[in-house]
Amino acid sequence: MARITLRQLLDHAAEHGYGVPAFNINNMEQVLAIMAAAEECDAPVILQASRGARAYAGDVMLAKMVEAAEAMHPTIPICLHQDHGNDEATCFSAIQHGFTSVMMDGSLEADAKTPASYDYNESITRRVAEMAHKVGVSVEGELGVLGSLETGKGDKEDGHGAEGALSHDQLLTDPDQAVAFVRATKVDALAIAMGTSHGAYKFSRKPDGEILAMHVVKAIHERLPGIHLVMHGSSSVPESLQELFNRYGGEMPKTWGVPIEEIQAGIRHGVRKVNIDTDCRLAMAAQIRRIATEKRSEFDPRKFLQPSMDALKTLCRERYEQFGSAGHASKIKPLSLAEMAKRYRAGALDPRIEVSRAA
Ligand SMILES: [Zn+2]
């Protein structure tokens with residue numbers, strides 16, 4: 001099926017009250033498994049590539065893999081999204097390679113590690129949104145800096161993440177500032193800081209409201225009911241996967257991710273895109289460890305990768321079902337980028353901002 005923009009997909013998700021998992025891709029096996037899961041349960045797909053993925057596989061390979069996925073799964077709409085774009089060049093070169101959505105993460109400066117000022121963030125995100133919308137491409141912005149409320153530190157993944165100590169104010173998106181940011185930048189989706197972080201080590205205990213600030217999601221959704229919220233670092237890091245990984249020689253200290261029921265609560269309060277990478281990595285790596293341990297004479301990479309794909313497919317299907325996106329793919333008719341551009345020009349896609357009733 002034709003590629004879909006993030007905006008059209010999340011508008012559909014909002015209308016029907018579901019969330020869409022966004023899975024990171026770096027290689028063919030991930031694309032095959034994510035798409036096979038989507039096909040089984042008729043779920044629309046967000047494939048996202050970080051700068052690290054683009055460097056690993058190359059832009060041409062990534063673009064061609066997604067083209068292949070479209071040809072193999074004609075009834076599944078696919079959004080190809082740039083994860084954590086650090087500047088204009090990253091976002092615009094993604095668009096040149098067929099991405100239908102870009103994240104301009106101006107919460108950090110272009111070095112992808114220094115927390116940026118609000119003014120810097122607003123101005124670069126507004127510039128990217130202005131240009132991207134002219135060609136119909138969607139934009140996700142980020143306000144607040146991702147990091148742990150337990151440690152007061154940012155996290156690094158694929159070379160991206162805040163360095164140094166972060167204040168509580170930086171680690172939690174301010175709802176008033178979110179309104180100003182969306183109004184100024186006209187982003188289609190907003191990633192918020194609420195205590196989630198990238199990687200496997202998100203929480204040192206099962207998270208409660210103190211370290212996973214779901215109240216921030218609710219407060220922002222109340223102020224911005226028309227904006228699609230994005231939860232980053234939202235792998236659940238299931239205990240069963242940690243155990244499997246460790247049973248076959250892995251060394252992962254006990255850790256907690258974001259519980260599925262918290263994500264589902266977020267979906268009831270405006271969360272439409274849920275970023276998941278660690279769970280996918282862990283599902284595949286555990287199988288590679290298992291085969292390496294159980295079949296020590298095995299040297300055919302496919303014998304390691306087929307069980308990895310099967311495990312990833314199972315995980316993705318679970319998330320499509322848990323977030324409610326299963327069953328929706330065939331109901332969506334993707335609009336062309338030209339049609340989306342026309343709607344942006346006409347102001348039809350301007351963010352809906354409700355004036356506070358309490359004012
Ligand atoms: Zn992220």
Side-chain angles (χ1 to χ4, degrees), residues 6 10 19-26 30 34 46-56 79-87 90-91 94 99 101-116 121 124-125 128 138-149 151 153-163 166 170-173 178 181 187-203 207 212-213 216-217 220 228-237 255 257-258 262-263 266 271-282 319 323:
L6 186 71
L10 299 190
V20 187
F23 297 117
N24 286 78
I25 54 164
N26 297 274
Q30 291 165 324
I34 294 164
I46 301 172
L47 298 175
Q48 58 183 10
S50 64
R51 282 194 298 147
R54 290 176 61 187
Y56 176 81
C79 168
L80 178 57
H81 175 81
Q82 168 75 52
D83 192 19
H84 290 287
N86 63 319
D87 61 12
T90 298
C91 293
F99 286 59
S101 177
V102 294
M103 175 187 195
M104 177 59 235
D105 179 0
S107 73
L108 300 176
E109 292 182 4
D111 64 8
K113 61 182 182 188
T114 310
N121 189 1
I124 193 166
T125 306
V128 167
S138 316
V139 176
E140 172 185 334
E142 174 169 323
L143 187 61
V145 183
L146 287 174
S148 161
L149 291 165
T151 63
K153 291 219 174 80
D155 54 82
K156 266 219 175 312
E157 191 163 71
D158 285 357
H160 180 104
E163 281 183 1
L166 298 165
Q170 286 173 301
L171 288 165
L172 292 175
T173 303
F181 184 80
V187 288
D188 302 282
L190 182 67
I192 57 177
M194 48 179 289
T196 63
S197 52
H198 297 124
Y201 308 102
K202 301 179 193 300
F203 305 107
L212 176 61
V216 171
V217 176
I220 294 174
H228 306 307
L229 302 180
V230 182
M231 281 174 72
H232 278 244
S234 290
S235 281
S236 301
V237 203
T255 182
V258 183
E262 299 290 353
I263 297 170
V271 170
R272 299 293 160 227
K273 175 172 177 275
V274 183
N275 289 7
I276 295 174
D277 191 9
T278 293
D279 283 352
C280 303
R281 295 178 178 199
L282 191 53
R319 297 294 179 271
F323 301 167

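In this chain, numbering begins with 1 at the start of the sequence shown. Remember, it's 1-based here, ligands and their atoms both numbered in the order they're listed.
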Q: Classify the side-chain pair His84/His232 by whether it contains a donor and acceptor separated by less than 3.5 Å.
A: yes
(Q) Could you check whether Asp105 and His160, counting side-chain N and O atoms only, form a donor-acceptor pair closer than 3.5 Å? (A) yes
Name of the [X] N, O or S atom nearest the Zn ion (ligand 1)?
X: His84; result: NE2
X: His198; result: NE2
X: His232; result: ND1

Q. Are Arg319 and Phe23 in a cation-pi contact, defined as NZ or CZ under 6.0 Å from the six-membered ring centre and within 45° of the axis?
A. no
Q | Flag side-chain contact, heavy atom, 4.5 Å: Leu172 against Leu149 | A | yes
